[in-house]
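See below for the structure under consideration.
Each ligand, and each atom within it, is numbered from 1 in the order the structure gives. These values consider heavy atoms only, across backbone and side chains, with no hydrogens, waters or symmetry-generated copies.
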Amino acid sequence: MDHFALVDGELHCEAVPLSRIAAEVGTPVYVYSTATLRRHARVFREGLKDAGGVHLAYAIKANPNIAVLNVLAREGYGADVVSGGEMARALAAGMAAKDIVFSGVGKTRAELSRGLQAGIGQFNIELEEEGAVLAQLATAQGITAQAVLRVNPDVDAGTHAKISTGKRENKFGVPIGEAAGIFARLSELSGINLRGVAVHIGSQLLDLAPLEAAYARVGELVAELRAAGHAISHVDLGGGLGVTYRAGDMPPTPADFGAMVARVTADWNVTLMFEPGRVIAGNAGVLLTEVIWVKPGVSNPYVIVDAAMNDLARPALYDAWHDFEAVRPSGKRMMANIAGPVCETGDTFARDREIDAVRSGDLAIFRTAGAYGATMASTYNSRPLVPEVLVDGDRYAVVADRIAAETILAAERVPDWL
Ligand SMILES: *Cc1c(COP(=O)(O)O)cnc(C)c1O
């Protein structure tokens, strides 16, 4: 459920008409709903009510806007971060260092050091050497790093190849069959308390079966590690729950997910950790855009909008579907392709799709753009960096400025020898 709906024939975000935001902030612009973010945060937590002690670490990469992080921090969420930049954001948003999980397959030594200095709650180790380096760095600082070992369970998540992370040929985690040996060697080291394992098999999962298969393998590993004498207190089950992008998508509900987790982990006796991203932010945001032209095409016309692949990369990256709706639908429909102004054929949001009939100057939205939207934006084609707005009831605030092409140009230099 979200809070983007027609009121008197016009799409609103909560109580704010989208046309008002377009008039005052301009387009393209991302618009987020506070009520939807809060609702998703609560529904996800509620779904896990039978799963015992849980720690929720919002996967910041889905939507790292500082205002969004503030909303989630107030809902009691910590953060899952994958870079020093994300760590700085989580701390700036008021998330406690102890509630932050540091994930990522390429944490640099400098990032590990900074994480230790900041008092990060848990490091998710991706390879044996990283664990050894973390132990050394922590010892040098006179502290003990809390860590878990990320395992690769060799499970096909059944999602897009570019967001599948749990097959053995993927770059993530250590092969689950080698985990016990690595665990034994890293546990000998001072400076690191290896207290459990982590798994994350991919994103936009529409089926619980691969998650259940992965968790079952993790359960066997936990038993094996305990039999070998290791104290296992934490298991991080990652993120990955899918959301509805188009009619017919049937993602598992957080309640279904929680029931599966409670069943599979019933005798684990650990603190379970979760890293939800898309399921929290996806449907809490839209990309608001204006139609520039309706250009005749071979079969169907091209609706050329002022948003492009640099603002919303998912269709170009993953052939992703985003529903497109007029802000003031007339009731008429049309067949069209939808594309942006960027000089790439990949800058196409939809082909041969039935949509609300639109004309030059009309406003429209791409739905389900709250996750992996603004955060992947670039300034390709020297376009401005897209701004972000957060709505709360009948008020809104610009929570990220549009960064003008001139500002970006000002950061470039012509060397004096030219
Ligand atoms: C991306 C990622 C997540 C979040 O995935 P969603 O599909 O957005 O829930 C969680 N954990 C790790 C390690 C990730 O890389």
Side-chain angles (χ1 to χ4, degrees), residues 37 40-41 43-45 47-48 54-65 68-69 72 77-83 85-87 90 100-107 120-127 130 147-153 155 157-167 170-174 196-208 210-211 214-215 218 234-245 249 251-254 257-258 261 272-285 314 317-318 320 368-376:
L37 285 168
H40 291 173
V43 168
F44 190 81
R45 184 188 294 284
L48 290 162
V54 304
H55 176 75
L56 301 177
Y58 166 64
I60 283 195
K61 74 176 192 278
N63 185 327
N65 182 277
V68 169
L69 298 186
L72 296 172
Y77 276 64
D80 174 55
V81 304
V82 296
S83 70
E86 286 193 351
M87 180 177 84
I100 298 176
V101 173
F102 204 156
S103 297
V105 70
K107 298 188 270 315
I120 291 304
Q122 178 174 297
F123 293 83
N124 289 10
I125 297 306
E126 292 261 357
L127 69 163
E130 184 191 11
V148 301
L149 183 64
R150 178 170 178 181
V151 296
N152 184 319
V155 168
T159 186
H160 191 283
K162 288 185 186 167
I163 48 175
S164 171
T165 59
K167 287 197 280 184
N170 295 144
K171 68 179 173 180
F172 299 100
V174 303
V197 291
V199 70
H200 172 75
I201 62 169
S203 197
Q204 184 54 12
L205 271 71
L206 294 176
D207 183 2
L208 288 178
L211 284 172
Y215 296 171
V218 166
H234 290 72
V235 176
D236 185 334
L237 295 178
L241 268 200
V243 301
T244 301
Y245 283 97
D249 284 350
T253 65
F257 173 70
V261 166
L272 291 176
M273 308 175 73
F274 297 89
E275 303 166 348
R278 191 187 307 270
V279 73
I280 304 292
N283 284 309
R314 299 189 65 260
L317 268 183
Y318 318 125
T368 316
Y372 307 106
T375 184
M376 286 189 182

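- Those atoms of ligand 1 with a heavy atom of Ala59 less than 4.0 angstrom away are 3 (C), 4 (C), 10 (C).
- Distance check, rounded to the nearest 0.5 Å: CE of Met273 to CG of Leu237 gives 10.0 Å.
- Put simply, the side chain of Pro153 reaches to within 4.5 Å of the side chain of Ile201, judged on heavy atoms.
- Rounded to the nearest 0.5 angstrom, Asp80 CG and Lys61 NZ are separated by 7.0 Å.
- Between Tyr58 and the choices Phe44, Phe274, Tyr77, the side chain to side chain contact (heavy atoms under 4.5 Å, CB included) rule is met once, by Tyr77.
- Backbone and side-chain nitrogen or oxygen atoms of Ser103 are examined, and none is located within less than 3.5 angstrom of a nitrogen or oxygen of ligand 1.
- Which parts of ligand 1 touch Glu275 is read off a 4.0 Å heavy-atom cut-off, strictly below it: atoms 3 (C), 4 (C), 9 (O), 10 (C), 11 (N), 12 (C), 13 (C).
- Remark: Phe172 CZ to Asn124 CG distance equals 12.5 Å, nearest 0.5 Å.
- Listed by number with element, the atoms of ligand 1 under 4.0 Å from a non-hydrogen atom of Arg150 are 13 (C).
- At a 3.5 angstrom cut-off on N or O pairs, Val82 does not count as close to ligand 1.
- Nearest-heavy-atom check against atom 15 (O) of ligand 1 across Arg278, Gln204, Lys61 picks out Lys61.
- Between Gly277 and ligand 1, an N or O atom pair is found at a separation short of 3.5 Å.
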Report the C-alpha separation of Phe257 and Leu211 in whole Å, then their side-chain angles, then the decisive distance to 0.1 Å, and conclude whether the side chain to side chain contact (heavy atoms under 4.5 Å, CB included) test is met.
CA-CA 9 Å; Phe257 173 70; Leu211 284 172; 3.9 Å; yes
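- For atom 7 (O) of ligand 1, the closest non-hydrogen atom of the protein is Ser203 OG, 2.3 Å.
- Between the Glu126 side chain and the Gly173 main chain, a donor and an acceptor come within less than 3.5 Å of each other.
- Residue contacts with ligand 1 do not include Val279, since none of its heavy atoms lies under 4.0 Å from the ligand.
- Residue contacts with ligand 1 for Glu126 are absent, since no atom lies close enough (heavy atoms, distance under 4.0 Å).
- The part of Asp80 lying near ligand 1 is the side chain, judged by heavy-atom distances below 4.0 Å.
- Looking at heavy atoms from C-beta onward, Asn63 lies out of side-chain contact with Leu69 at the 4.5 angstrom threshold.
- Side-chain contact between Thr244 and Thr368 is absent, with no heavy atoms from C-beta onward closer than 4.5 Å.
- Using a 4.0 Å cut-off to heavy atoms of Gly239, the atoms of ligand 1 that qualify are 9 (O), 10 (C).
- Taking every heavy atom of Tyr372 and a limit of under 4.0 angstrom, the matching atoms of ligand 1 come to 1 (C), 4 (C), 5 (O), 6 (P), 8 (O).
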